[in-house]
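These notes concern the structure reproduced below.
Since we're looking at a predicted model, the values are computed, not measured.
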Amino acid sequence: MRTATLGPAQRAGSLAAMAERELDILVVGGGVVGAGTALDAVTRGLSTGIVEARDWASGTSSRSSKLIHGGLRYLEMLDFALVREALKERGLLLERIAPHLVKPVPFLYPLQHRVWERMYAGTGVALYDVMSMAPGHGRGLPVHRHLSRRQALRVAPCLRKDALVGALQYYDAQMDDARYVATLVRTAVSYGAKAANRARVTGFLREGERVVGARVQDVEGGGEYEIHAKQVVNATGVWTDDTQAMVGARGQFHVRASKGIHLVVPKDRINSTTGLILRTEKSVLFVIPWGRHWILGTTDTDWDLDKAHPAASSADIDYLLEHVNSVLGVPLGRDDVEGVYAGLRPLLAGESEATSKLSREHVVAHPVPGLVVVAGGKYTTYRVMAKDAVDEAVHGLDMRVAECVTEEIPLLGAEGYPALWNARARIAAQAGLHVVRVEHLLNRFGSAAQEVLALIAENPSLGTPLPAADDYLRAEIVYAASHEGARHLDDVLTRRTRISIETFDRGTRSAREAAELMAPVLGWDKDQIEREIEHYEKRVEAERESQRQPDDLTADAARLGAPDIVPL
């Protein structure tokens, strides 16, 4: 089993190694596109480094709808190329690249008109299925089916009888977006990439017009490094314009931020065996199965305030509740909401009419020698974006470079996953765990679950769940710090696990135990433990306060009441 450790020693060693010798490729940005770019580059045989200013996936890539999908609504816009590309990627991720992380999910589309809507929507979903089965695209999902109103209410009793005359059911896929990114980074490191989070680019190194590297500040240790590279790739998402400003390069496009918020409610609040997709006056609304919860989303509004911590306002929450309640027999209220999160989509906005149409697609540019920019796109097609970015960077390398191979590279944990899944009952008996716990670990770590089980074998107390978040074992908290690059309590409760949105207390009751589990791995003393807990509690309170505010401006001001933690 291929593996890699993103622990404190690895991070320090990576920063030192990146500063010691010129890299072929330095990637700036640790979201899904940056992580994918690092994996693409290193698997072509290029010496590769990746740095991220905060935590892996701390921006857009941990705050999505957590869907891997072809973009069914883009068919209505006749954007067949985008849908075809995304469906191919969906098939690859399900079957080959990450079967342990990407799973099928059913959706019910209620019909409100008897004849024409069934024909219209049915044709679109049928085309969606046909395109996913095109040669070389992979399949892995059941085909759609038409349902009468009685059949639809049988699979989704939550729906009001007068809210539909029938329905269509089709399949897409989902994943834990932040976990996927951490796995991408670990996979890149397993092939030789150097990776460091909490490492902020403060400026670019120049030789004349050419960019020859970056100046990087170690946010944790306080040191500064000059990292030289033949090509630098800017994959910073909604921060693209800010990063570009460091070189004074005015590109042909800009990235604007669009805010999308999501609500998380317990599974028992919506009586359904399937997800839902609903039309609104502006776009579509998803009700997505999420373990013992549902995710409701999303909104789509312009955002020009703080990019690091976009805030969900009271108006945003009311909007989602109002629209989902329009079809539910038992409406949801504020008290049903256990979690709220907001993310920013990086949409392309051009300076000319031609480039202004690029918002749903991605663009790769080479604005100055030595610097490649990749922006836009969608989570599902991250691998294509990464390939295009590395292809562009290769033009600036004075050497022959192999073609992209990531279509054939399973992510860490994929190898051996089916065999371990089949043996889950035996593994559970050997580990002294319930089989459901082993299934949970396999679906989060794949074959790397053996490393988590090894921690439990060494210290059986780690095989018990966190008392206030019993979906997660104590071993997963330790593993997040020792193997997955978590540097702070917030990293673990918000991204390595989803405790911050899956519990009504938003993770505050789990904070102390989690911090104490992390402390030996990260070398925290008692004072640092207290700082971590205090910071997390302040962050949760600031988010709660922002969600009580009437609009974006007041919500943003409230959220900024809790600054990012920096170790003393």
Beyond-backbone contact of Leu92 with Arg383, side-chain heavy atoms, under 4.5 angstrom
yes
Ring centre gap for Tyr74 and Phe80 strictly below 6.0 Å:
no
Arg11/Glu220 ion pair, N-O < 4.0 Å:
no
In this structure, which one of Asp176, Asp55, Asp490 forms a salt bridge (charged side-chain N to carboxylate O under 4.0 Å, His left out) with Arg496?
Asp55
Given the rule in the side chain to side chain contact (heavy atoms under 4.5 Å, CB included) test, do His362 and Val33 qualify, once you have shown the distances and angles that lead to the verdict?
CA-CA 11 Å; His362 70 269; Val33 176; over 6 Å; no
CG/Leu184 to CZ/Arg179 distance, rounded to the nearest 0.5 angstrom?
12.5 Å
Heavy-atom closest pair (Ala312 atom, Ala342 atom, distance to 0.1 Å) is N-CB, 4.1 Å
Let me confirm one number: the CG-CG distance from Asp172 to Leu94, rounded to the nearest 0.5 Å.
9.0 Å
Keeping Thr183 on the side-chain end and Val181 on the backbone end, is there a donor-acceptor pair under 3.5 Å?
no
Donor-acceptor check, side chain of Ser258 to backbone of Arg345, threshold 3.5 angstrom: yes or no?
no
With a 3.5 Å distance limit and no angle check, can you tell me whether Ser447 reaches the backbone of Tyr417 through a side-chain donor-acceptor pair?
no
Between Leu412 and Thr187 the two heavy atoms that sit nearest each other are N-OG1, 2.9 Å
Nearest heavy-atom neighbours spanning Arg63 and Asp177:
N-OD2, 3.4 Å
Apply side chain to side chain contact (heavy atoms under 4.5 Å, CB included) to the pair Val374 and Asp388, showing each step before the final yes or no.
CA-CA 8 Å; Val374 54; Asp388 290 349; over 6 Å; no
Under 3.5 Å, is there a donor-acceptor pair between the side chain of Tyr472 and the main chain of Ile499?
no
Side chains of Arg495 and Ser62: closer than 4.5 Å at any heavy-atom pair?
yes
So, does Thr243 use its side chain to make a donor-acceptor pair with the main chain of Trp239 at under 3.5 Å?
yes
State whether the side chain of Asp491 and the backbone N or O of Arg487 hold a donor-acceptor pair below 3.5 Å, judged by distance alone.
yes
Would you confirm whether Thr5, through its side chain, and His483, through its main-chain N or O, come within 3.5 Å as a donor-acceptor pair?
no
Testing the basics here: between Ala199 and Ala196, what is the closest heavy-atom pair and its distance to 0.1 Å?
CB-O, 3.8 Å
Quick one: closest heavy-atom pair of Ala311 and Arg559, and the distance?
CB-CB, 4.0 Å
Are the side chain of Asn234 and the backbone of Val373 linked by a donor-acceptor contact shorter than 3.5 Å?
no
Side-chain contact test, heavy atoms from C-beta onward, threshold under 4.5 Å: evaluate it for Arg200 versus Glu52 and give yes or no.
no
Closest non-hydrogen contact found for Ala193 with Val42 is N-CG2, 3.5 Å
With sequence neighbours excluded, give me every salt bridge (charged side-chain N to carboxylate O under 4.0 Å, His left out) pair touching residues 31-45.
Asp40-Arg44, Arg44-Asp391
Between Met175 and Lys103, does a side chain to side chain contact (heavy atoms under 4.5 Å, CB included) hold up when you go through it step by step?
CA-CA 6 Å; Met175 46 66 226; Lys103 305 293 180 180; over 6 Å; no
Polar side-chain atom of His69 near backbone of Ala86 as donor-acceptor pair, under 3.5 Å
no
Ion pair check, Asp218 and Arg198, cut-off under 4.0 Å:
no
Please identify which of these residues, Glu476, Gln450, Glu451, His100, meets the side-chain contact (heavy atoms from CB on, under 4.5 Å) condition with Phe445.
Glu476
N/O donor-acceptor pair under 3.5 Å between Tyr341 side chain and Ser64 backbone
yes
Tell me, please, which residues at least two apart from Phe286 pass ring pair (Phe, Tyr, Trp, His ring centres under 6.0 Å).
Phe107
Mind jotting down which residue pairs meet the ring pair (Phe, Tyr, Trp, His ring centres under 6.0 Å) criterion with at least one end in residues 179-215? Sequence neighbours excluded, please.
Tyr180-Tyr382
